[in-house]
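These notes are about the structure you will find just below.
Note that the coordinates shown come from a computational prediction; the quantities given were computed from them, not determined experimentally. Whatever order the structure lists ligands and atoms in, that order sets their numbers, starting from 1.
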Amino acid sequence: MKFLITGGAGFIGAALANHLVQTGHGVRVLDDLSAGDSRGLDPRVVFARGDVRDVPKLWGLLRGVDCVYHLAARVSVPESILYPVEYNHVNVGGTVALMTAMRDAGVRRVILASSGAAYGEQAHQPVAESAVMRPTSPYAVSKLAAEYYVQAIGALWKIESVILRIFNVYGPHQQLPPSHAPVIPKFLKQAASGGSLVIFGNGKQSRDFVFIDDVVRALARAAVVQDIDRAIVNVGSGADVTMNQLVDEIEALLGARVHRLYNDEETAGVSRLVADISLAAKLLDWSPQISLHGGLAKILQADSRFQISSSQFVK
Ligand SMILES: NC(=O)c1ccc[n+]([C@@H]2O[C@H](COP(=O)([O-])OP(=O)(O)OC[C@H]3O[C@@H](n4cnc5c(N)ncnc54)[C@H](O)[C@@H]3O)[C@@H](O)[C@H]2O)c1
């Protein structure tokens with residue numbers, strides 16, 4: 001098959017692009033490199049630098065493409081609170097531009113990387129796709145708006161759509177932007193530098209961490225499964241992990257204790273978010289294969305930023 005991946009130089013996009021070319025597919029990537037890095041791409045991936053809102057550029061890139069993965073987005077919750085207009089322009093405007101270009105080019109299917117963040121605070125956990133959405137940040141609203149656009153324009157112009165609501169992805173070589181570093185590489189970096197692990201709130205808030213290879217397998221399945229037009233599917237581990245348990249797991253892997261520093265002044269976000277992944281099993285024949293322990297071990301093996309010497313730990 002021939003794919004276009006928008007945002008394909010980013011953390012998830014590059015892993016997906018490399019997987020697809022390595023399994024015999026043709027892959028083009030469009031990325032403006034505002035956050036991504038094209039140097040991690042397999043040389044067989046055709047890379048184009050540009051903005052996902054550039055419709056004429058999309059027309060050229062979409063020629064002969066069977067399926068589009070739409071990942072290009074601004075991805076930080078705190079940054080979205082500071083710059084909601086920018087988040088709306090890129091995440092919503094970019095989706096509308098892509099869908100109209102796909103209509104013009106006659107592409108058959110789009111897969112949107114949406115987010116578990118769109119659920120917001122939910123009383124009932126694990127959260128299923130049928131939950132009433134309660135987005136609480138401009139980022140979360142922009143992902144939900146993108147879902148609606150993909151479905152509505154898709155239905156109008158007979159473009160099949162599959163929406164994956166992805167939970168907290170982690171894996172080797174994940175970026176660590178200072179303003180919004182994801183918690184797993186942040187903790188590993190703090191441990192590697194011999195510093196304290198800074199936990200927001202009381203550490204009892206929980207998240208669903210899903211390993212990058214499992215996410216790539218779910219994305220790959222979404223392109224080939226038949227009769228799933230307009231499906232919305234959670235992609236998570238299905239496991240509930242508090243920040244305190246995450247630090248316990250890191251300590252177990254390192255074989256030593258780390259220093260924990262609780263910061264009550266920082267908001268810890270929603271109290272609990274864990275995915276109900278039964279629909280993914282049913283529709284995509286997918287389930288996660290890699291445990292948190294296994295995934296963290298893979299990062300420590302593969303990512304030289306986190307080489308940790310035991311002399312740095314609390315004994
Ligand atoms: N990482 C996660 O835990 C997670 C969870 C849920 C959903 N998602 C979604 O998955 C997608 C990829 O996330 P990621 O973690 O790989 O983030 P990322 O920042 O590494 O990747 C996003 C990519 O989009 C590119 N981009 C941004 N604005 C662009 C524009 N205007 N035109 C073209 N390219 C642009 C960036 O340069 C970057 O390479 C995003 O849509 C995100 O909302 C990620």
Can you give me a line-by-line list of nitrogen or oxygen pairs between ligand 1 and the protein shorter than 3.5 Å?
unit_1: ligand 1; atom_1: 3 (O); unit_2: Phe167; atom_2: O; d: 3.4
unit_1: ligand 1; atom_1: 3 (O); unit_2: Val169; atom_2: N; d: 3.0
unit_1: ligand 1; atom_1: 16 (O); unit_2: Phe11; atom_2: N; d: 3.3
unit_1: ligand 1; atom_1: 16 (O); unit_2: Ile12; atom_2: N; d: 2.9
unit_1: ligand 1; atom_1: 20 (O); unit_2: Phe11; atom_2: N; d: 2.9
unit_1: ligand 1; atom_1: 26 (N); unit_2: Asp32; atom_2: OD1; d: 3.4
unit_1: ligand 1; atom_1: 31 (N); unit_2: Asp51; atom_2: OD1; d: 3.4
unit_1: ligand 1; atom_1: 31 (N); unit_2: Asp51; atom_2: OD2; d: 3.4
unit_1: ligand 1; atom_1: 32 (N); unit_2: Val52; atom_2: N; d: 3.0
unit_1: ligand 1; atom_1: 34 (N); unit_2: Asp32; atom_2: N; d: 3.2
unit_1: ligand 1; atom_1: 34 (N); unit_2: Asp32; atom_2: OD1; d: 3.4
unit_1: ligand 1; atom_1: 37 (O); unit_2: Asp31; atom_2: OD1; d: 2.6
unit_1: ligand 1; atom_1: 37 (O); unit_2: Asp32; atom_2: OD1; d: 3.4
unit_1: ligand 1; atom_1: 37 (O); unit_2: Ser34; atom_2: N; d: 3.2
unit_1: ligand 1; atom_1: 37 (O); unit_2: Ser34; atom_2: OG; d: 3.4
unit_1: ligand 1; atom_1: 37 (O); unit_2: Ala35; atom_2: N; d: 2.9
unit_1: ligand 1; atom_1: 37 (O); unit_2: Gly36; atom_2: N; d: 3.0
unit_1: ligand 1; atom_1: 39 (O); unit_2: Gly10; atom_2: N; d: 3.2
unit_1: ligand 1; atom_1: 39 (O); unit_2: Asp31; atom_2: OD1; d: 3.3
unit_1: ligand 1; atom_1: 39 (O); unit_2: Asp31; atom_2: OD2; d: 2.6
unit_1: ligand 1; atom_1: 39 (O); unit_2: Gly36; atom_2: N; d: 3.1
unit_1: ligand 1; atom_1: 41 (O); unit_2: Leu71; atom_2: O; d: 2.8
unit_1: ligand 1; atom_1: 41 (O); unit_2: Lys143; atom_2: NZ; d: 2.8
unit_1: ligand 1; atom_1: 43 (O); unit_2: Tyr139; atom_2: OH; d: 2.6
unit_1: ligand 1; atom_1: 43 (O); unit_2: Lys143; atom_2: NZ; d: 2.9

Run the salt-bridge test on Asp285 and Arg217 with the 4.0 Å N-O cut-off and return the result as yes or no.
no
Residues Arg230, Glu147: salt bridge by 4.0 Å N-O rule:
no
Does the side chain of Gln245 come within less than 4.5 Å of Met243's, by heavy atoms?
no
Give a yes or no on whether a salt bridge exists between Asp240 and Arg272, defined as a side-chain N under 4.0 angstrom from a carboxylate O.
yes
Ring of Phe200, cation from Lys186 - is the NZ or CZ under 6.0 Å from the centre and inside 45° of the axis?
yes
Cation over ring, Arg165 on Tyr119, under 6.0 Å and within 45°?
yes
